[in-house]
Structure formats: C-alpha cells, structure tokens
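These notes concern the structure reproduced below.
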Amino acid sequence: MSVSNNIMVETDCGKLEGVYERGLYTFKGVPYAAPPVGELRWLPPQPPVAWKGIRPATAYGAISPQDASILPVLPSVPEEQSEDCLFLNVYSPGLDRGRRPVMVWIHGGAFSIGSGSTDMYTTGTLASNSDVVLVTINYRLGVLGFLNLNEVTNGRIPSTGNEGLLDQVAALKWVQRNIAAFGGDPDNVTVFGESAGAMSIGCLLNLPAAQGLFQRAILESAVGEMARPLDMSVEITEQFLRLSGLNRNDIPGLRSASPEILLRAQQQTALQMEQGAAPVIPVADGKVMPMMPLASLEAGRGAKVPTLVGCNLDEDKFFSLMNPKLFKIDEEGLRQRAEKYVKSEDVSRLLDVYQAARAKRGEPIASFDLFSAINTDVMFRRTAIRVAEAQCRFAPGGYNYLFTWKSPASGGKLGACHVLEVAFIFGNYNATFNGKGPQADQLSGQMQDAWTSFARTGKPSCAQLGEWPQYGEERATMVLDSNCRVEKAVMEEERRVWETLHELQFANMP
C-alpha cells in the first residue's frame, strides 16, 4: 500500500479514515459500543451504532469522568471527559491483512483514573519496533463502571459492579470482528495491562463472557485478590449513596445525577472507608464473575491460556510519595501497620524474617524499608506468584518476572516502584522518572522483545533475553534490570513465611 496521510479501513459499523504517522497506520477514537448515557448508565455496553459515509478517526475520543488529583505523583495531560467514552485506538504497521499478533492494552489507574490515549502508551515504539498491532481502550471508571446497585435498588438498576469489565469484553469482541482489516490476527490476541489493568485481566481470565476472546495474558503489578466479594461491595454502595445524598428509590435521579456529584461522593467514600484510591473495583457477584479471581484460577476454573505475570521490587514506594510521613515511620508504627495483615502474635516473626533476609542480601533494614517490602509483597508480589503457580498447574504456561531497575526520581527514594516498567515496554521512557542512556535502551529493547515474543508464541524466550523458563517447581523468575537474568526462588524466605502466618482480611488497593 502506498503511504499517504489519509488511510481508509472498513469496519462492521462503517468506514474509518485514519492517518499514517510515526511509521504506523493510526485510527483514534473508534467507538466499540453505544454511548452508555441516560437510560444506558450502569447497564452493560450495547452494540455500537453504525454510521453512513466516512467517520474521521484522527482524534482521540473522550475519556471516562475522573479526578486525576487522587494519584498526583505522575503528571498527566488533560483530556476531554464524558460518559460517552467507549472508544479504542488502533496502531498497525500495515493494513495488508498480514495477521500480525494483536496486543490489547488495558490501562491502570486504580479503576478510577486513566485512559487508552495517555501519551505513554500512544507515542512509543512497541508496535513499530515489533510488527504487532496495538489496541488501547477506554472503559468506564469509578462508580460509573464498578458500582454494584443491583442489590440496593432491588434490581431496578441491575448493575453488578462489573460494567467496566464488560466494556473491556465489548472492546475484545470488536477486535474479533474487525482487527483483520487492520492487519491483525483475531486468533492471536494478547491482553496486557498494569495495576488495575492487570487486575482486570485477572478477572477476564475468569469471566465467562470473555472466554475465547484472547489467547495470551500479561499481568503487570496486579493487586491483591483482584476483585471484592459481593457483601463488601454492597456495603461500599450503601456508604456511597449516603454520602452522595442520592436516594436508592429515585431511579431517574440516580440515572441523571451529574458526574461531578458522583465523583465527589466517590472520593468521600474512599476516605470514609479507607479504600485508598479505589473505592470501587470489580465484584465477585456470582453472575458476571462467578468467583473471586485468584480462587477461581487456583481451582483450575480460569482461562487455559499462557500467562506472563510479575511485579516491581519496590512497588509500594510509589504510593508512599503521597504520604511522606511514611518515610519516617518508626518501629512502633511498623508493628501497628503489620497488625493489619497478620495476627498480633505473628508480627514479630514476620518482621524478623524480613529483616534477616534483607540483611543477608545487603539491603536496607530501616523501618520504612521493611514496611515498603511487606506492603509490596502483600499487595503485588504474592498475587503474581499465585497467578504464576496456578497457570503452571492448569494452563499451558505461567511465567514470572521481577523488575528491579530503579528510578532516579526523588534522589532514588522510589527504587523500582509501581508503574516504572510500563514506559520501557512501550519505548517511551524519560530521564526524570525512568532513566535514560544505553542501559535503559537495552532494557527497553529486551522487554519489548520478550513481551512481543510472548504475544507471538505464548513463550517470552527471545533473542535479546535468551531462554525464559516457566515459573514451575524451581520458581524460575526473570529479573529485569541492567543485567537481566533468570534466578530461582527469588526472596524465598519472605515468600515462605506467609505460609506460616495467620493472615487478616486486607484492602485490595494501596
């Protein structure tokens, strides 16, 4: 095909006009479902509306209503917000029906912020360097996408709290119907995402509605159980209604309340119920999601697809920036926080094991360092290990990584923190937060090679990294840093101690 500025593709809803830029055929703001507004608020996504003539796909669509101030650590570019937000974007190296691997990115942001059109995902080199078709999506966020109203309204608003997940399913169905026209292979689709995006994928692995829509899964920094039980979600809905002043019996009022009112009550709910940045997340409602995701995977009931899963060494330090007092936490404060995770009689054993293991490796053992390591393991690393174990047992493969490259930001205090790895995968890293230079270039190239090799074959072994074995009985883990290498039983003492403790219920997000 000759290269021109205006590119045409026909979808099942009509013709789209995109552009050729930065070596990719790009289509922005493509609707994959009907606008979920008015009577469709809080309902599952409905089929997209067809159009006549040619629809421009040269500008990003609006993103879900959100308040970016809840996670102020990273700067963001303001984007238009609207409940009419169910759009996706396609980046393809060729419109030649070449049946390339398709990688569908599900963004993170505590289920409360973010979009598929963030610069980090859309201006990098992943698709152009690796000859894959990249799709990024928006989905409904916060209470518009994850509020269970079915129980409190006696079914008059039948939202299960999984409408945002069903948006993702609708986007994957659009990919199945249309991606061949963009040079992609609908039979080779990889879903990949970070944080709330990875949690979403953990849910999709167990969602009956998502079965067969993807063939591989990559989970970066998934959190906790990845969903909440129904009773806890109903309790959160009750609190949200009290704080919003909305009446559960006023169905028209609920459907017409402004996004500003909903967002304000959402933030108040997060503060009142100590749910961090994520007062609402997916719900194990027994219908859309039959079981809690981790329990389902560990019972062998999840999708039987190869899975690549991992986390960053210092995930929690990203969130500590929002509460600088944590950097000065003392031993008593550390013990009090540990009592949120284990019974009081187990606190000393937990802290002793972490302190001894870190000292043996020559790592810092101040109270903050122990606090951050425990939080990281509770929220992120243990989830990654359980997913890898389950997929090794029941699926074609489970592969594990630990990202240990450290951020230069804040004088190095962030370490290998949450979200740091994402820019390396997309090839869009910066000197301030991620670091720059030949070693950063090498790491980005290695991660892109591994991620896209996994998308092609279901195995992350690749030319730039070499052999990457499954997690398996030897607990083989790829350590991603300036010197990438496979290690067995990484931080084994910390992993094993949790098997001996009496754990308590804990929140699903930092």
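Note: hydrogens, waters and symmetry copies are ignored here, and every other heavy atom, side chains too, is used. Numbers here are sequence positions counted from 1.
When atom types are taken as modelled, the side chain of E194 and the backbone of E220 share no donor-acceptor pair closer than 3.5 angstrom. With hydrogens and angles disregarded, no donor-acceptor distance shorter than 3.5 Å links the side chain of E487 to the backbone of A476. Proximity of a side-chain donor or acceptor of Q168 to a complementary backbone N or O of L166 within less than 3.5 Å is not detected. One N or O on the side chain of S453 and one on the backbone of D449 form a donor-acceptor pair closer than 3.5 Å. Side chain of D314 to main chain of K317: no donor-acceptor pair is present (N/O by atom type, distance under 3.5 Å, no hydrogens or angles). Of the possible donor and acceptor atoms, one in the side chain of S115 sits under 3.5 Å from a partner among the backbone N and O of S117. Listed for the Q448 side chain is a donor-acceptor partner under 3.5 Å among the backbone atoms of I425. No donor-acceptor distance shorter than 3.5 angstrom exists from the side chain of D131 to the backbone of A127, with no hydrogens or angles considered. When atom types are taken as modelled, the side chain of N138 and the backbone of G116 share a donor-acceptor pair closer than 3.5 angstrom. Checking side-chain atoms of N428 against main-chain N and O of D119 turns up a donor-acceptor pair under 3.5 Å.
When side chains are defined from C-beta on, W451 counts as touching F192, because their heavy atoms get closer than 4.5 Å. Residues R495 and E499 form a side-chain contact, since some pair of their non-hydrogen atoms from C-beta on lies under 4.5 Å apart. Under the 4.5 Å side-chain criterion, counting only non-hydrogen atoms from C-beta, C417 is in contact with F433. The side-chain heavy atoms of T307 and R216, taken from C-beta on, include no pair separated by under 4.5 Å. By the 4.5 Å heavy-atom criterion applied to side chains, L308 and L219 are not counted as neighbours. Considering only heavy atoms from C-beta on, P293 stays 4.5 Å or farther from M199 through its side chain. Contact annotation: the side chain of V104 approaches that of L172 to within less than 4.5 Å [non-hydrogen atoms, C-beta and beyond]. Put simply, the side chain of V223 does not reach to within 4.5 Å of the side chain of T383, judged on heavy atoms.
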Could you walk me through whether H502 and V342 pass the side-chain contact (heavy atoms from CB on, under 4.5 Å) check? CA-CA 6 Å; H502 301 87; V342 298; over 6 Å; no
Intermediate values then yes/no, side-chain contact (heavy atoms from CB on, under 4.5 Å), L24 and S128: CA-CA 7 Å; L24 294 171; S128 55; 4.0 Å; yes
Stepwise side-chain contact (heavy atoms from CB on, under 4.5 Å) check, T190 with F214: CA-CA 6 Å; T190 297; F214 56 92; over 6 Å; no
Please walk me through it: do Q355 and L370 pass side-chain contact (heavy atoms from CB on, under 4.5 Å)? CA-CA 7 Å; Q355 185 177 59; L370 297 180; 4.2 Å; yes
Evaluate the criterion side chain to side chain donor-acceptor pair (under 3.5 Å) for residue pair D330 and S367; output intermediate values, then yes/no. CA-CA 6 Å; D330 58 15; S367 292; over 6 Å; no
Please test D369 against Y354 for side chain to side chain donor-acceptor pair (under 3.5 Å), starting from the C-alpha separation and ending with a verdict. CA-CA 10 Å; D369 298 297; Y354 271 76; over 6 Å; no
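Under 4.0 Å is where a charged nitrogen must lie from a carboxylate oxygen, and between E474 and K488 at least one such pair does. Salt bridge annotation for E503-R382: present, with a cationic side-chain nitrogen under 4.0 angstrom from a carboxylate oxygen. Looking at R361 and E494, a side-chain N of the basic residue comes within less than 4.0 Å of a carboxylate O on the acidic one, giving a salt bridge. Remark: E315 does not engage R381 in a salt bridge, criterion side-chain N to carboxylate O under 4.0 Å.
Between Y121 and W105, the ring planes are tilted. Angles from 30° to 60° get that label.
Judged by distance alone, the side chains of R100 and S92 never bring a donor and an acceptor atom under 3.5 Å apart. Residues Q215 and N188 bring no donor and acceptor atom of their side chains to less than 3.5 Å of each other. Judged purely by distance below 3.5 Å, without hydrogens or angles, the side chains of S348 and R335 pair a donor atom with an acceptor atom. Donor-acceptor pairing under 3.5 Å is lacking for the side chains of T376 and D316. At a cut-off of 3.5 Å, with distance as the only test, no side-chain donor of D167 or Y32 sits close to an acceptor on the other residue.
The six-membered or imidazole ring of Y471 lies away from that of Y399, with a centre-to-centre distance of 6.0 Å or more. For F319 and H418, the gap between ring centers is short of 6.0 Å. Aromatic pair F424/W405: centroids less than 6.0 angstrom apart.
Interatomic distance, L465 CG to L480 CG, rounded to the nearest 0.5 Å: 6.5 Å. Atom OH of Y60 sits about 12.0 Å away from atom CG of L88, to the nearest 0.5 Å. In this structure, OG1 on T452 lies 11.5 Å from CG on L134, to the nearest 0.5 angstrom. A distance of 6.0 Å separates CD in Q464 from CD in Q446, rounded to the nearest 0.5 Å. Within the model, atoms CZ of R393 and CD of E298 stand 7.0 Å from one another, a figure rounded to the nearest 0.5 Å. With values rounded to the nearest 0.5 angstrom, R228 atom CZ is found 11.5 Å from F146 atom CZ.
Here the closest non-hydrogen pair linking A227 and A284 is CB-N, 4.5 Å. Here the shortest heavy-atom pairing between A110 and A278 reads O-CB, 3.3 Å. Across L297 and A390, no two heavy atoms sit closer than the pair O-CB, 3.6 Å. The shortest heavy-atom contact between Q470 and G398 is OE1-N, 3.3 Å. Of all the heavy atoms in S344 and E339, the pair that sits closest is CB-OE2, 3.8 Å. What you find for S130 and R456 is that their closest heavy atoms are O-NH2, 2.6 Å.
The neighbour count for K28 NZ, taken as heavy atoms of other residues, nucleotides or ligands under 6.0 Å away, is above 12. Other residues, nucleotides and ligands contribute over 12 non-hydrogen atoms within 6.0 Å of the CD atom of E345. When the shell of 6.0 Å around NZ of K304 is examined, it contains more than 12 heavy atoms from other residues, nucleotides or ligands. The number of heavy-atom neighbours closer than 6.0 Å to CZ of R475, taken from other residues, nucleotides and ligands shown, is above 12.
For the pair K413 and F327, the distance from NZ or CZ to the six-membered ring centre is under 6.0 Å and the angle to the ring normal is within 45 degrees. Cation-pi geometry between K436 and Y429 is met: the NZ or CZ atom falls under 6.0 Å from the ring centre, inside 45° of the normal.
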